[in-house]
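The structure appears right after this line, and notes come after that.
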Amino acid sequence: MSATPTSDPASTPVGIDFGGTGIKGAPVDLEVGDFAAERVRVRTPKPSTPVVVAEVFRELLAAFPGVEGPVGVTVPGIVRHGVVGSAANIDPAWVGTDADALFTEATGREVHVVNDADAAGLAEVRYGAARGRRGLVIVTTLGTGIGSALVHDGRLVPNSELGHLELDGHVAEKRAANSAREREDLSMTAWAERLTAYYRHLERLFSPDLFVVGGGVSKRSDEFLPLLRLDTEVVPATLRNKAGVVGAALHATGG
Ligand code: BGC
């Protein structure tokens with residue numbers, strides 16, 4: 001695992017995207033919002049408790065010798081002042097962990113943790129599908145859960161957790177995440193019905209100017225976005241699987 005960065009290594013930040021199946025990291029060129037060196041991916045250890053994951057981060061960072069900027073890390077849970085506050089789809093040991101302190105100690109680097117959807121939202125607004133957009137942009141990620149980022153005039157309101165709204169008497173992400181489509185073997189049409197109900201609920205609550213739809217399934221957006229019946233403009237995310245890494249690096253440098 002070794003890669004050579006293309007921008008000034010002393011100050012280049014590193015983004016790490018911590019997900020259920022993989023942990024991806026790369027130095028990020030914030031001028032262009034793209035990787036400054038080839039990305040490194042390792043499989044997420046099982047169990048993926050904070051202490052085990054911290055060791056993986058230490059090894060991953062060693063793949064970028066000389067890159068010394070701050071490190072941003074995404075976590076699929078609530079993050080307040082570096083402390084993880086929820087673990088809907090990750091090991092319960094994360095709840096209450098001061099992840100900023102743990103990872104900073106383990107890696108010897110300045111590490112800042114951010115909610116995964118908030119990282120994607122920051123990246124899409126700065127470099128991607130919502131670039132230059134004013135007003136309220138809601139970025140949602142459709143994956144194992146539903147992540148959300150609320151960005152108003154370019155400023156993030158963190159930890160919106162809109163995947164945990166109630167939909168038809170259930171936690172919305174249990175009904176409308178991509179994992180629900182797969183688990184229940186829903187057709188795109190049936191899934192789009194649920195998504196329409198979900199996004200209509202968000203419209204009533206927030207009157208957004210734009211929805212950005214991300215997550216791995218967004219590469220198939222032409223199969224389901226045209227089926228949504230919404231009043232609000234809805235577009236697919238454009239940074240795809242780079243959004244977490246790029247957004248984490250952005251967060252590490254103060255957004
Ligand atoms: C978590 C969020 C996360 C989302 C996407 C939800 O279950 O509560 O914090 O952003 O999944 O990973």
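Just so you know, these numbers use all the heavy atoms, side chains as well, and skip hydrogens, waters and symmetry mates. Every number for a ligand or one of its atoms is a count from 1 in the order of the listing.
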With heavy-atom distances below 4.0 Å as the criterion, list the atoms of ligand 1 near N89. 7 (O), 11 (O)
I need the contact type for N115 against ligand 1. Using non-hydrogen atoms and a strict under-4.0 Å cut-off, is it side chain, backbone, both or neither? side chain
Within a distance under 4.0 Å of any heavy atom of G147, pick out the atoms of ligand 1 and give their elements. 4 (C), 5 (C), 10 (O)
Do you see a donor-acceptor pair shorter than 3.5 Å between the side chains of D17 and T74? yes
State if G163 counts as touching ligand 1 under the rule of any non-hydrogen atom under 4.0 Å. no
Does R133 come within less than 4.0 Å of D209, counting only side-chain N to carboxylate O? no
In this structure, does ligand 1 have an atom that sits under 4.0 Å from one of the heavy atoms of I146? yes
Between E124 and A130, is there a donor-acceptor pair closer than 3.5 Å when you use the side chain of the first and the backbone of the second? no
Side chain, backbone, both or neither: the part of A88 lying under 4.0 Å from ligand 1 by heavy atom: side chain
Ignoring hydrogens and angles, state whether a donor on the side chain of Y198 or T140 is under 3.5 Å from an acceptor on the partner side chain. no
Within the 4.0 Å heavy-atom cut-off, what N159 brings close to ligand 1 is neither
Polar contact flag for E173 and ligand 1 (N/O pairs, less than 3.5 Å): yes
Go through ligand 1 atom by atom and flag the ones less than 4.0 Å from a non-hydrogen atom of G77. 9 (O)
In the protein, what heavy atom is nearest to atom 3 (C) of ligand 1, and what distance, to one decimal place, separates them? D116 OD1, 3.3 Å
Just wondering, do P158 and V79 contact through their side chains at under 4.5 Å, heavy atoms? no
Nearest candidate to atom 9 (O) of ligand 1, where distance is taken over non-hydrogen atoms, out of E161, K174, H164: E161
Hey, any chance V234 and V139 share a hydrophobic cluster, counting ILVMFWY side chains that come within less than 4.5 Å of each other, even indirectly? no
Ring geometry between F57 and F103 (parallel below 30°, tilted from 30 to 60°, perpendicular above 60°): perpendicular
Is the shortest side-chain N to carboxylate O distance from E166 to K174 below 4.0 Å? no
